[in-house]
Participant: 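Sharing a structure, written as structure tokens. Questions coming.
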Protein chains: 2
Amino acid sequence: MTNQLISRPICLIGLGLIGGSLLRDLSAAQHPVFGYNHSTSGARTAAREGFDVTDDLPAVLTRAEEEGAIIVIAVPMNAVGSVLDAVVQYAPTCGLTDVVSVKSPVYEEIRARGLEGRYVGGHPMAGTAESGWGASHNGLFTRAAYVITYDYATECFDAGLPVPKAWISLFADVVRMVNLVGAEAVPARVAAHDAAVARISHLPHVLAETLAVVGDNGGILAQSLAAGSFRDGTRVAGTAPALVQQMCGTNAPALVTALDEALTILTAAREKLASDEPDITGLAEAGHRARTRIAARTGARKESVSPVKISSRPVLRLHPGGDGWLGQLKQAESLGGRIEIF
Amino acid sequence: MTNQLISRPICLIGLGLIGGSLLRDLSAAQHPVFGYNHSTSGARTAAREGFDVTDDLPAVLTRAEEEGAIIVIAVPMNAVGSVLDAVVQYAPTCGLTDVVSVKSPVYEEIRARGLEGRYVGGHPMAGTAESGWGASHNGLFTRAAYVITYDYATECFDAGLPVPKAWISLFADVVRMVNLVGAEAVPARVAAHDAAVARISHLPHVLAETLAVVGDNGGILAQSLAAGSFRDGTRVAGTAPALVQQMCGTNAPALVTALDEALTILTAAREKLASDEPDITGLAEAGHRARTRIAARTGARKESVSPVKISSRPVLRLHPGGDGWLGQLKQAESLGGRIEIF
């Protein structure tokens, strides 16, 4: 954890599971934070719990501009564009971040408005099948990976330009915010993030939906016999279809790549199972090795019984803007490592 | 639960997770039970815990014959044939059941030796990624579906022959054994069972292995970002590859049917995702409906907080050999229902 403080207030736009949980954790850490919710009733519920929230977007953005806040966009992808339009109008100098689960389409909206120099993307790998303010709670982000994008810095570097100090300061503050809510800041560029989550977050949804349908096609006997393996394999099929469409539909190119890999593996398995000597040993061994490797990596994070949880992600301490810091970010990205600011 | 007692001792051949847990539960219920384990060290471990077990197969089968025991074959599929050969030699009149997870290949071995009239198949839908005596424990079968096959009775009926009383008596005793260990006896013929488990047990393994490999292919960044959906979706990839081959390899025809359904769904999803307007809403809604339906069915079994757990499976009470009992079994099969004996 960094001991340095975030240099400005935080303004949350959207108080669903992620935005609401950020509001709770930042409040609990006594950091100045205020927010906006699209639904009046949602905003009222949060206000009744004592939070500083409103359902007036122009007002909240005007206040963010006056206080020099960081604006955290925590709305569904299909609302990002209209929020950014309002930001351009009412908060023309604020730093921006977001929590949307696919980063390319957000970055396109950012670029379309020339906001790259004020934007650092984010994506907390935390969440459940639940959504909305009612599902938000303190501690959601504890030890979760929280991806921070840094494409603008590499774009400046590649163009032979210095990275503006304002962007560096924003990047540092977003990392501090991530650490303040107990998450681990993992730097990754937009394309690398989207390719990774297609494999480990969006493909699981597609496979779970498929398994649920094929199981259900088996009729009541199959449903009656369904036990642990089916329950685990279909759990995320409980996610709201609109949310699945938000994630998978907006990350389609990367998801198609992952899905094609899966189809190649499944088609090969099908051929071996349909042969005279049905055999799935090769896939079973490859899957077991992969699972063992990943479980070993994530084990320390999730299964340690020690009261002091030790992250399994390597940590790189860096000074944003200092010598070689971009190289350090790229190194952390390639290692799935976390960063801390000094 | 039936109040009637099983009319004979039980002899377990194989003391792995399933056989060992049956031995523990039947012992705890004070029913006469003894067993055999192929590995001397496994047999010794069980014996040291006070169980009546041996590593001498001819001796245990001879004893089963002398005591008129039901023999429960709880060995991997590839050992079933040799155990049946020993049964023919040392226990030529005992009733037989088994716990193998695919029923067609067992029934082929049974038919090959003309043992149909002495055999009632079984398959408890209980188990974990763990295996062996060390994983066995009391209560493994509580409220689990435990499939009981009855093909021989329908074969007799279809041939216009009466079902022999010895077979009916064996069937009733196997159902009583299932109830005694707290499981729910779900009647299903061999082919229907294998088709159902291909969908809800074996396909989940194939999809989990595939997901684990595609995730692992994403490298360290993807592994670092993997969270709940990936962990759930790959859990059964932790199963020993040899066990996966045992299940999937021996149920290949039914699994290929299920896998082809999955491939059709996934290929259609891929096309929609690769289109100009990427869309996965149709699959997401179908998967969500299927998951909701199945969760509603299984909810009462697994998530009730009531101290008296109520099964979500309809119960049919029947008198084996009585009027219309075969029709009742077929009805229970079509409903995924459980049966009790009166």
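Protein chains get the first letters and strands the later ones, always in sequence-line order, with residue 1 at the start of each. Just so it is clear, the model here is predicted, and its values are computed rather than measured.
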Participant: With a 4.5 Å limit on heavy-atom distance, are the side chains of Ile220(A) and Ser334(B) in contact?
Facilitator: no
Participant: Does any part of the side chain of Ile294(A), heavy atoms only, come nearer than 4.5 Å to the side chain of Thr234(B), both counted from C-beta?
Facilitator: no
Participant: So Asp216(A) and Arg293(B), do their side chains get closer than 4.5 Å, heavy atoms only?
Facilitator: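 The answer is yes, as the side chains (C-beta and beyond) meet within the 4.5 Å cut-off.
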Participant: What part of Ala192(A) gets closer than 4.5 Å to chain B, counting heavy atoms only: side chain, backbone, both or neither?
Facilitator: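 Ala192(A) touches chain B through backbone and side-chain heavy atoms alike.
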Participant: Please report the closest heavy-atom contact between Leu273(B) and Cys248(A), naming both atoms and the distance.
Facilitator: CD2-O, 3.8 Å
Participant: Counting only non-hydrogen atoms closer than 4.5 Å, does Asp260(A) touch chain B with its backbone (N, CA, C, O), its side chain (CB onward), both, or neither?
Facilitator: side chain
Participant: Name the member of Leu203(A), Thr267(A), Asp279(A) that forms the most heavy-atom pairs with chain B at distances under 4.5 Å.
Facilitator: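 Sorted descending by pairs with chain B, the first entry is Asp279(A).
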Participant: Within a reach of under 6.0 Å around CD of Glu271(A), are more than 12 heavy atoms found that belong to other residues, nucleotides or ligands?
Facilitator: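 Yes, because the 6.0 Å sphere around CD of Glu271(A) holds more than 12 heavy atoms from other groups.
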Participant: Under a 4.5 Å cutoff for heavy-atom pairs, which residue among Leu335(A), Leu259(A), Leu211(A) has the most contacts with chain B?
Facilitator: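 Looking at each option in turn, the highest pair count goes to Leu211(A).
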Participant: To the nearest 0.5 angstrom, please state how far the CZ atom of Arg199(A) sits from the CG atom of Asn217(B).
Facilitator: 5.5 Å
Participant: For the candidates Pro241(A), Ala269(A), Ala332(A), Ala290(A), which exhibits the highest count of non-hydrogen atom pairs separated by less than 4.5 Å from chain B?
Facilitator: Pro241(A)
Participant: Under 4.5 Å from any heavy atom of chain A, what part of Leu255(B) do you find: side chain, backbone, both or neither?
Facilitator: side chain
Participant: Under the side chain to side chain donor-acceptor pair (under 3.5 Å) test, which residues partner Asp232(B), sequence neighbours left out?
Facilitator: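 Scan of Asp232(B) (side chain to side chain donor-acceptor pair (under 3.5 Å), adjacent residues dropped) gives Arg235(A).
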Participant: Can you tell me how far apart CZ (Arg270(B)) and CG (Leu263(A)) are? Round to the nearest 0.5 Å.
Facilitator: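 The CZ atom of Arg270(B) sits 8.0 Å away from the CG atom of Leu263(A).
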Participant: Under 4.5 Å from any heavy atom of chain A, what part of Thr210(B) do you find: side chain, backbone, both or neither?
Facilitator: both
Participant: Quick one: closest heavy-atom pair of Ala145(B) and Leu225(A), and the distance?
Facilitator: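 Minimum heavy-atom separation between Ala145(B) and Leu225(A): CB-CD2, 3.8 Å.
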Participant: Could you tell me which of Val214(B), Val244(B), Val213(B), Val256(B) has the largest number of non-hydrogen atom pairs under 4.5 Å with chain A?
Facilitator: Val214(B)
Participant: Does NZ in Lys330(B) sit with more than 12 non-hydrogen atoms of other residues, nucleotides or ligands closer than 6.0 Å?
Facilitator: yes
Participant: Most heavy-atom pairs under 4.5 angstrom with chain B, which of Ala252(A), Ala242(A), Gly337(A)?
Facilitator: Ala252(A)
Participant: What pair of heavy atoms forms the shortest contact from Ser224(A) to Gly336(B), and how long is it?
Facilitator: OG-O, 2.7 Å
Participant: Are Leu266(A) and Leu207(B) packed together at the side-chain level, in the sense that at least one heavy-atom pair is separated by less than 4.5 angstrom?
Facilitator: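 Leu266(A) vs Leu207(B): side chains touch.
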Participant: With a 4.5 angstrom heavy-atom cut-off, which part of Ala286(A) approaches chain B: side chain, backbone, both or neither?
Facilitator: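 Answer is both: backbone and side chain atoms of Ala286(A) are under 4.5 Å from chain B.
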Participant: In terms of heavy-atom pairs under 4.5 Å, which option from Gly218(B), Gly215(B), Pro204(B), Ala196(B) contacts chain A the most?
Facilitator: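 Looking at each of Gly218(B), Gly215(B), Pro204(B), Ala196(B) in turn, Pro204(B) comes out on top.
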Participant: For Ser229(B) and Ile200(A), which heavy atoms make the closest approach, and how far apart are they?
Facilitator: OG-O, 3.4 Å
Participant: By a 4.5 Å heavy-atom criterion (distance strictly below it), what part of Ala258(A) contacts chain B: side chain, backbone, both, or neither?
Facilitator: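 Both backbone and side chain.
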Participant: Any side-chain heavy-atom pair from His288(A) and Thr239(B) closer than 4.5 angstrom?
Facilitator: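 When only atoms from C-beta onward are counted, Thr239(B) and His288(A) do not touch, as no gap falls below 4.5 Å.
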Participant: Do Arg291(B) and Arg231(A) touch side chain to side chain, with heavy atoms closer than 4.5 Å?
Facilitator: yes
Participant: Val186(A) versus chain B, heavy atoms under 4.5 Å apart: side chain, backbone, both or neither?
Facilitator: side chain
Participant: Provide the closest heavy-atom pair for Gly287(B) versus Ala237(A) in the form atom of the first, atom of the second, distance.
Facilitator: O-CB, 4.0 Å
Participant: Sort out for me which of Ala262(A), Ala227(A), Ala195(A), Gly233(A) touches chain B most, counting heavy-atom pairs under 4.5 Å.
Facilitator: Ala262(A)
Participant: As an exercise, state the distance from CD of Gln245(A) to CD1 of Ile280(B), rounded to the nearest 0.5 Å.
Facilitator: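 Result: 7.5 Å between the selected atoms.
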Participant: Go through Ala222(B), Ala188(B), Ser275(B), Ala208(B) and name the one with the most non-hydrogen pairs under 4.5 angstrom from chain A.
Facilitator: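 With the most close heavy-atom pairs to chain A, the winner is Ala222(B).
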